[in-house]
Amino acid sequence: SLKTPRRNANDAEPLLRFREAKKVLGEVYGELKENITELEGVYNGIQGDDIVAPPQREEIDAMKESVRTIMETFQRDNMKVVFFGRTSNGKSTTVNAMLHEKVLPQGMGHTTCCFLQVQGCDEDVGYLQLDDNPQRIDISMLGKMGHALSSDNSELPAMGQDSLLRVFHPKHSQESENRLLQNDVVILDSPGVDLSPEFDSWIDKHCLDADVFVLVSNAEATLTQAEKNFFHRVSKKLSKPNVFVLNNRWDASAAEMENIDEVKKQHMVRFRQFLVDELEVCNDREVNDRIFFVSSREILESRLKARGLAQKAYQMDGHATRALEFANFERHFEQCISKSAIHTKFEAHNRRAHEIIAKMRLNLNTVLTAAGSQRDKLQNELNESTRIFNECRVNFSQFEKAYREQTERLRAEVHLKVSAD
Ligand code: GDP
């Protein structure tokens, strides 16, 4: 048939679907809140405990509270990606390339020694926050604080490897450039796996709510046991995590190796084996959309240049192919993260909405049943009163009749007596 494949609008902008889902859920919960308030109004109009008992009134309060909490929670929900790999494989460069901006410090000699979480903020100037401490730290401290040598610096708070430095970056500073931050994507850069890692606490503290993991590997080297171990731990704790592999620095490999296609094939075989057979996180078909050969440096520099933030961009032979590959990675990444976040985050809220509606129905039924039996009780009371009333009426008419007869008789007697006199 001549069917042209219809391009779904959702495919074009998968990141927008998350916000759309948030909006729809916001409307659902908004209506739910109105219904509960309405029911509360009706209950408040009914006096006493006979029809609306205290447990039913209290349940309405509890429902209002949970709706309020859920609405707050999902406003904060986001799509989370964790970047992972050895020091200097190019994690920070990759994050910056995806943000079209040098947000994270990068480069030789700079080692990220704690978790750095980049997220959007509405302010015009970015700022930092350490763990859950609400105190804002000047953005200029980023280089020092995230650095491996920060422990040498006594002015700075001591930070453990699994501590979190939140980097709040303005969402709206560059119109469309920070699409990721504008669409509630949160990016987590992890310390290098070669820095004697505490994987379990890393995962428990920072990765349980991750939607996607990106392993930034060095195309010139093979995967180390540390890198593998991390993902083994992750796939033990999370069911079927979404893992992408970026063979970064592919520009350098391409420049140095003659048998580049052979090397690429070998990498493919090894990563396929790792993702499909060892971790079992995807199947043979999916794996092709999970492994990419890229140069984050080229991408970052060309994006900076395009925005007028750099004079020239670093480009090696074959950069156009690598640029396509990077764009391809971003497309699959966006689809994957949006799907996962909608599924895991909103499914739960959706389930909660159903639970609350079921509770409301039960609550209302309890009240209606109480009202029904109250009505029956009143009906019985009314019937009883009517019976008594009727009885009284009968008694009264009998009395009236007797009285009348008696007075008649009396009057007659008096009359007789008077006549006799
Ligand atoms: P991280 O420790 O994993 O965050 O690594 P960085 O992002 O700090 O990168 C370490 C160094 O590698 C920096 O000097 C980058 O410019 C360089 N680098 C990163 N990606 C690439 C790449 O794709 N090609 C080349 N040639 N250099 C890269």
Side-chain angles (χ1 to χ4, degrees), residues 81-118 142-150 159 161 164-165 167 169 180 187-197 202 206 213-224 226-227 230-231 243-257 260 263-264 267 291-305 309-330 333:
V81 50
V82 181
F83 282 82
F84 187 80
R86 256 176 304 162
T87 311
S88 292
N89 279 1
K91 292 187 299 297
S92 316
T93 309
T94 307
V95 170
N96 290 342
M98 290 173 79
L99 293 173
H100 296 239
E101 199 169 346
K102 269 193 182 168
V103 176
L104 293 180
Q106 60 177 73
M108 289 301 184
H110 184 281
T111 312
T112 311
C113 70
C114 65
F115 281 83
L116 290 178
Q117 175 166 303
V118 186
L142 175 58
K144 282 187 194 163
M145 290 188 76
H147 199 287
L149 301 177
S150 67
M159 290 184 350
Q161 217 186 63
L164 180 71
L165 187 60
V167 182
H169 191 77
L180 294 183
I187 300 174
L188 192 65
D189 190 10
S190 59
V193 276
D194 37 339
L195 301 171
S196 56
W202 280 17
H206 304 297
F213 292 84
V214 178
L215 168 61
V216 180
S217 160
N218 184 345
E220 294 147 301
T222 51
L223 216 52
T224 60
E227 285 166 311
F230 174 78
F231 283 101
V243 182
F244 284 85
V245 177
L246 288 183
N247 287 283
N248 192 34
R249 296 172 162 275
W250 195 236
D251 57 297
S253 310
E256 279 167 26
M257 295 173 200
I260 191 73
V263 176
K264 190 171 176 174
H267 277 303
I291 305 171
F292 298 91
F293 294 81
V294 299
S295 167
S296 296
R297 183 176 167 195
E298 283 176 342
I299 300 296
L300 173 63
E301 295 198 9
S302 73
R303 287 179 177 179
L304 291 179
K305 184 160 176 266
L309 297 173
Q311 293 291 320
K312 56 182 184 6
Y314 165 88
Q315 278 180 345
M316 302 296 279
D317 269 358
H319 63 87
T321 314
R322 287 187 292 275
L324 277 180
E325 182 98 350
F326 197 91
N328 205 9
F329 153 67
E330 288 180 305
F333 160 78

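What you are looking at is a predicted structure, and each value in this text was computed from that prediction instead of being measured. Order of listing sets the numbers, starting from 1, for every ligand and every atom in it.
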Inset, instruction - Please step through ring-ring contact (aromatic ring centres under 6.0 Å, His included) for the pair F292 and F326, ending with a clear verdict. - result: CA-CA 7 Å; F292 298 91; F326 197 91; 9.1 Å; no
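- Considering N89, N96, D251, N248 as possible partners of S296, the one that fulfils the side chain to side chain donor-acceptor pair (under 3.5 Å) test is N248.
- Where the criterion is an N or O separation shorter than 3.5 Å, residue side chain and backbone included, G90 meets it with respect to ligand 1.
- For S92, heavy-atom contacts with ligand 1 shorter than 4.0 Å involve the backbone as well as the side chain.
- When each atom of ligand 1 is checked for a heavy atom of T87 under 4.0 Å away, the hits are 2 (O).
- Considering R322, H319, R249 in turn, R322 is the only one that fulfils the side chain to side chain donor-acceptor pair (under 3.5 Å) rule with E298.
- Heavy atoms of other residues, nucleotides or ligands lying less than 6.0 angstrom from NZ of K102 number 12 at most.
- Within ligand 1, counting atoms from 1 as listed, the ones closer than 4.0 Å to a heavy atom of N89 are 3 (O), 5 (O).
- The closest approach between a heavy atom of G192 and any atom of ligand 1 is not below 4.0 Å.
- Numbered from 1 in the order shown, with element, the atoms of ligand 1 that lie under 4.0 Å from a heavy atom of S88 read 1 (P), 2 (O), 3 (O), 5 (O), 10 (C).
- Residue contacts with ligand 1: T93 is placed with a nitrogen or oxygen under 3.5 Å of a nitrogen or oxygen of the ligand (distance criterion only).
- Scanning R249, R297, E301 for the heavy atom closest to atom 11 (C) of ligand 1 points to R249.
- The shortest heavy-atom distance from R86 to ligand 1 is under 4.0 Å.
- Taking every heavy atom of S296 and a limit of under 4.0 angstrom, the matching atoms of ligand 1 come to 23 (O).
- For the salt bridge (charged side-chain N to carboxylate O under 4.0 Å, His left out) test, residues two or more places apart in sequence or in another chain that qualify with E330 are R303.
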Exercise for review: Take E101 and H169 through the test side-chain hydrogen bond (donor to acceptor under 3.5 Å, both in side chains) and record every step on the way to the result.
Suggested key: CA-CA 11 Å; E101 199 169 346; H169 191 77; 3.2 Å; yes
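- Within the 3.5 Å criterion, the main-chain N or O of Y314 finds a donor-acceptor partner in the side chain of E301.
- Contact analysis leaves A252 out of contact with ligand 1, as no non-hydrogen atom separation drops below 4.0 angstrom.
- With F84 as the aromatic partner, K91 does not meet the cation-pi criteria of under 6.0 angstrom to the ring centre and within 45 degrees of the ring axis.
- The distance criterion of under 3.5 Å between nitrogen or oxygen atoms is met by N248 with respect to ligand 1.
- Judged by the shortest distance from any of its heavy atoms, W250 lies outside the 4.0 Å radius around the atoms of ligand 1.
- In this structure a side-chain-to-backbone donor-acceptor pair under 3.5 Å is present from E325 to F293.
- Atoms of ligand 1 found under 4.0 Å from any heavy atom of D251 (numbered from 1 in listed order, with element): 22 (C), 23 (O), 24 (N), 25 (C), 26 (N).
- Residues satisfying the side chain to side chain contact (heavy atoms under 4.5 Å, CB included) criterion with S253, sequence neighbours excluded, are A219, E220, W250, M257, I260.
- For ligand 1, the atoms closer than 4.0 angstrom to any heavy atom of S295 are 22 (C), 23 (O), 24 (N).
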